[in-house]
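Working notes, beginning with the structure itself.
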Number of protein chains: 2
Amino acid sequence: MNAEKIPDIIVGRLPVYLRALQRMADKGLKTTSSQELGDQVGISAAQIRKDISQFGEFGKQGTGYSIEFLTERLRSILKVDRIWDVVVVGAGDMGHALSNYQGFADRGFHVVAIFDNKKEKVGSKIGEFTIEDTETMVERIKSMGVKIAMLTVPATAAQDVAKKLVQAGVRAILNYAPITLNVPNNVKVQYIDPSTHLQRMTFYL
Amino acid sequence: MNAEKIPDIIVGRLPVYLRALQRMADKGLKTTSSQELGDQVGISAAQIRKDISQFGEFGKQGTGYSIEFLTERLRSILKVDRIWDVVVVGAGDMGHALSNYQGFADRGFHVVAIFDNKKEKVGSKIGEFTIEDTETMVERIKSMGVKIAMLTVPATAAQDVAKKLVQAGVRAILNYAPITLNVPNNVKVQYIDPSTHLQRMTFYL
DNA sequence: AAGCACTTGTACCGAATTGTACAAAATCAT
DNA sequence: ATGATTTTGTACAATTCGGTACAAGTGCTT
């Protein structure tokens, strides 16, 4: 499989499959089917089979998929068969919550530093982290070789910080600021904005 | 325009347009074009024109769109030309952050209560809110007539809580728990799971 | 007043995505 | 062993989605 040829919409579903598989494994299950997995994640069985088959023939007729094997394959495909270091920029409530979040460890991520530009915050602790100054951020990120950042600064500051992150070599940004970021093509951005997500649902109310 | 006929993918882009328009208005701008708006949000101008034209002819040739008028129309279409009461379930770090979040007010939402099932948390304060017991949640939500909930409980509890929310009349759930929820067709769910979003990007690294 | 530049809304078309259906393989029951 | 059942992977069809192109309206300049 060539990464360039896989549609983004399929890539977007893989983490959902992986998440469901990990839950099944936690329950002690050994195998599953596209039907069962589809019921779990609310996607048609055919869709799941087609998505998975983009990367190889991982199933067995009559039996379905080995949960362990499929999990391993998906982790490899998504490159989370390793641990990625991640930095948090913005030490507000959201940065705080992400720094403490226990849900990264078994999904392939590890927060290694948190930055803020408020001098009065710099130096204070969040859990085990000491908040660092954004002034030194670019060098710190470069020296650690971090490729992933989570951005929880105010919208007004987000574009500037994003530019710095790109300078520092960051290639993936999870943006919590309610603004669309302008970044080079080789940098990926995912957006998390609760108001936007809510507005997407009020349409149907 | 008939709500049933509008593709979900278009509905999903409208809040992004609205967000960009509100930023333009804040800057004092009066009009914009599909080209300019598209540059802001990273979507082609033709796409934006087509999306907007689903709901009427809001632009003017040669001039573009009145920011104020288009904002007003989008707010009406998305039904955020009013304030929706929202409850938070789960008083962990994320529930805490959402309860304090200042970004809801001018986007159509207002947090009115926060619930948790941990007896030792119930009664304590988060900002102006007193954490309430999930045992009384269904009745409280019913009596307040709340239709929207944000779910920040652990994955293991999420499905049970979601069921209760549906019983209470909630029609839209913003789910922060890393699990797919099973809800009736007339209930909408949006998913926010940082690990899933990050995994969607590591594929390209 | 005439020409130019800008911009919308939409018709048309190709690309992307999803659904349907089934042959082939594997397991299970008797 | 044989037939019934389950399930995958994929060919084909249908649908959805996005890009291209342009007529027509608007405002600006000279």
Side-chain angles (χ1 to χ4, degrees), chain A residues 1-14 16-17 20-21 24 29-74 77 180 185 200 203, chain B residues 1-14 16-17 20-21 24 29-74 77 185 200 203-204:
Chain A
M1 66 96 182
N2 185 333
E4 306 316 311
K5 296 205 198 84
I6 306 293
D8 186 60
I9 196 162
I10 293 183
V11 175
R13 285 191 291 257
L14 299 182
V16 177
Y17 302 160
L21 288 166
M24 289 177 179
L29 299 172
K30 297 300 179 192
T31 64
T32 189
S33 64
S34 59
Q35 182 65 57
E36 187 181 42
L37 185 53
D39 290 345
Q40 286 292 315
V41 302
I43 292 174
S44 81
Q47 181 79 83
I48 288 178
R49 290 202 299 279
K50 227 180 306 188
D51 286 352
I52 293 173
S53 72
Q54 297 289 312
F55 304 95
E57 306 196 355
F58 301 153
K60 191 191 278 188
Q61 282 130 324
T63 310
Y65 301 92
S66 155
I67 290 174
E68 186 184 348
F69 181 67
L70 186 54
T71 298
E72 182 217 296
R73 295 303 307 131
L74 287 178
I77 290 163
T180 304
N185 274 333
R200 198 175 168 151
F203 177 82
Chain B
M1 64 97 181
N2 184 333
E4 306 315 312
K5 296 209 200 82
I6 306 295
D8 186 60
I9 195 163
I10 293 183
V11 175
R13 285 191 291 258
L14 299 183
V16 178
Y17 302 161
L21 288 166
M24 290 177 179
L29 298 172
K30 297 301 179 191
T31 64
T32 188
S33 64
S34 59
Q35 181 66 56
E36 186 181 43
L37 185 53
D39 290 345
Q40 287 292 314
V41 301
I43 291 175
S44 80
Q47 181 78 82
I48 288 178
R49 290 202 301 277
K50 229 183 303 188
D51 286 351
I52 293 174
S53 72
Q54 297 289 312
F55 304 95
E57 305 195 354
F58 302 153
K60 191 191 280 188
Q61 284 132 323
T63 311
Y65 300 93
S66 154
I67 289 173
E68 185 184 348
F69 181 68
L70 186 53
T71 297
E72 182 217 295
R73 295 304 306 132
L74 287 178
I77 290 163
N185 274 333
R200 198 177 169 150
F203 177 83
Y204 300 98

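We name chains A, B, ... by the order of the sequence lines, and we start the count at 1 in each one.
Note that the CD1 atom of A:Ile10 and the CD atom of A:Gln54 stand 4.0 Å from one another [nearest 0.5 Å]. To the nearest 0.5 angstrom, B:Ser53 atom OG is 12.0 Å from B:Ile48 atom CD1. Taking CD1 from A:Ile67 and CE from A:Met24, the interatomic distance works out to 5.5 Å, rounded to the nearest 0.5 Å. Taking CD1 of B:Ile9 as the start and CD of B:Gln47 as the end, the distance is 7.5 Å to the nearest 0.5 Å.
Of all non-hydrogen atoms in A:Ile52 and A:Leu70, the two that sit nearest each other are CD1-CD2, 3.9 Å.
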Throw together a table of side-chain donor-acceptor distances under 3.5 angstrom for residues 29-38 of chain A, partners on residues two or more places apart or in other chains.
{"from": "A:Thr32", "atom 1": "OG1", "to": "A:Glu36", "atom 2": "OE1", "distance (Å)": "2.4"}
{"from": "A:Ser33", "atom 1": "OG", "to": "A:Gln35", "atom 2": "N", "distance (Å)": "3.4"}
{"from": "A:Ser33", "atom 1": "OG", "to": "A:Glu36", "atom 2": "N", "distance (Å)": "3.1"}
{"from": "A:Ser34", "atom 1": "OG", "to": "A:Arg49", "atom 2": "NH1", "distance (Å)": "3.1"}
{"from": "A:Gln35", "atom 1": "NE2", "to": "A:Asp39", "atom 2": "OD1", "distance (Å)": "3.3"}

Could you give the side-chain donor-acceptor pairs of residues 57-65 of chain B under 3.5 Å, partners two or more places apart or in another chain?
none

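For B:Asp8, the side chain to side chain donor-acceptor pair (under 3.5 Å) partners two or more places apart in sequence, or in a different chain, are A:Arg200, A:Tyr204. Residues satisfying the side chain to side chain donor-acceptor pair (under 3.5 Å) test with B:Arg73, not counting sequence neighbours, are none.
Following rounding to the nearest Å, A:Ile52 (CD1) and D:dG9 (P) show an atom-to-atom distance of 8 Å. Computed from coordinates, the A:Ile48 CD1 to D:dT7 C1' distance equals 13 Å when rounded to whole Å. In this structure, CZ of B:Arg49 is placed 13 Å from C1' of D:dA24, rounded to the nearest angstrom. One interatomic measurement links the two molecules: NZ of A:Lys50 to C1' of D:dT8, which rounds to 13 Å at whole-angstrom precision. When rounded to the nearest whole Å, the span between CD of A:Gln47 and C1' of D:dT15 equals 13 Å.
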Check nucleotides 3-5 of chain D for protein N or O atoms closer than 3.5 Å to its own N or O atoms and list the pairs.
none

Find every protein N or O atom lying less than 3.5 Å from an N or O atom of nucleotides 26-30 of chain D, and list the pairs.
{"from": "D:dT26", "atom 1": "O4'", "to": "B:Gln61", "atom 2": "O", "distance (Å)": "3.1"}

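Between B:Tyr17 and B:Ile43, the closest side-chain pair of non-hydrogen atoms falls below 4.5 Å. The shortest distance between side-chain heavy atoms of A:Leu14 and A:Phe55 falls below 4.5 Å.
Remark on the helix from C:dA1-D:dT30 to C:dT30-D:dA1: inter-end axis angle 20°, axes from five-pair C1' superpositions, rounded to 10°.
Using a 4.0 Å cut-off on heavy atoms, the residues of residues 32-39 of chain A that approach DNA chain D are A:Ser33, A:Ser34, listed by number.
For DNA chain C, the contact window with chain B, defined by any atom under 4.0 Å from a protein heavy atom, covers C:dC6 to C:dT10 in 5' to 3' order.
Nucleic acid contact class of A:Ile10 (heavy atoms, under 4.0 Å, all strands): none.
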